[in-house]
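Notes for the one structure printed next.
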Amino acid sequence: MREHRGLAVAIAITSFALLVTLPFTIPSTIWVVLFVYAIVKAVGSAPEHADPFAIVLAIVVVVTFFTLALAVAVSILGRAMSPKRQERRA
């Protein structure tokens, strides 16, 4: 039962590190995305106001990306902990 202790610690440290940095990375990434959107909107030929749907969609995509990144990291690290299935013999 102790053969996966190091891997379990790696998963815990990875999860903790990602969860600690999320409050800083999500707003920073949202700011960068909105800044790039504002530059593209200003340079483009459309003098209209910013599209609220595009802004909300950008925020949803950023939050979803970081949530999925955490889930994929834990899944990849945890895959090594699950035992491989053995074939049934008739």
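Count residues from 1 along the sequence.
Taking Ile, Leu, Val, Met, Phe, Trp and Tyr as members and joining any whose side-chain heavy atoms lie under 4.5 Å apart, directly or through other members, the hydrophobic cluster of L57 also contains F53, V61.
Here the shortest heavy-atom pairing between H49 and K41 reads O-CE, 3.5 Å.
No single ILVMFWY cluster, assembled from side-chain heavy atoms under 4.5 Å apart, contains both I76 and L18. By the criterion of side-chain heavy atoms lying less than 4.5 angstrom apart, applied directly or through intervening Ile, Leu, Val, Met, Phe, Trp or Tyr residues, V63 is not grouped with L68; the two fall into different hydrophobic clusters.
Here the CG-OG1 distance, from L19 to T14, works out to 10.5 Å after rounding to the nearest 0.5 Å.
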Please tabulate, one pair per line, all N/O donor-acceptor pairs under 3.5 Å involving side-chain atoms of residues 22-40, not counting sequence neighbours.
from	atom 1	to	atom 2	distance (Å)
T25	OG1	T21	O	3.1
S28	OG	F24	O	2.7
T29	OG1	T25	O	2.6
Y37	OH	D51	N	3.1

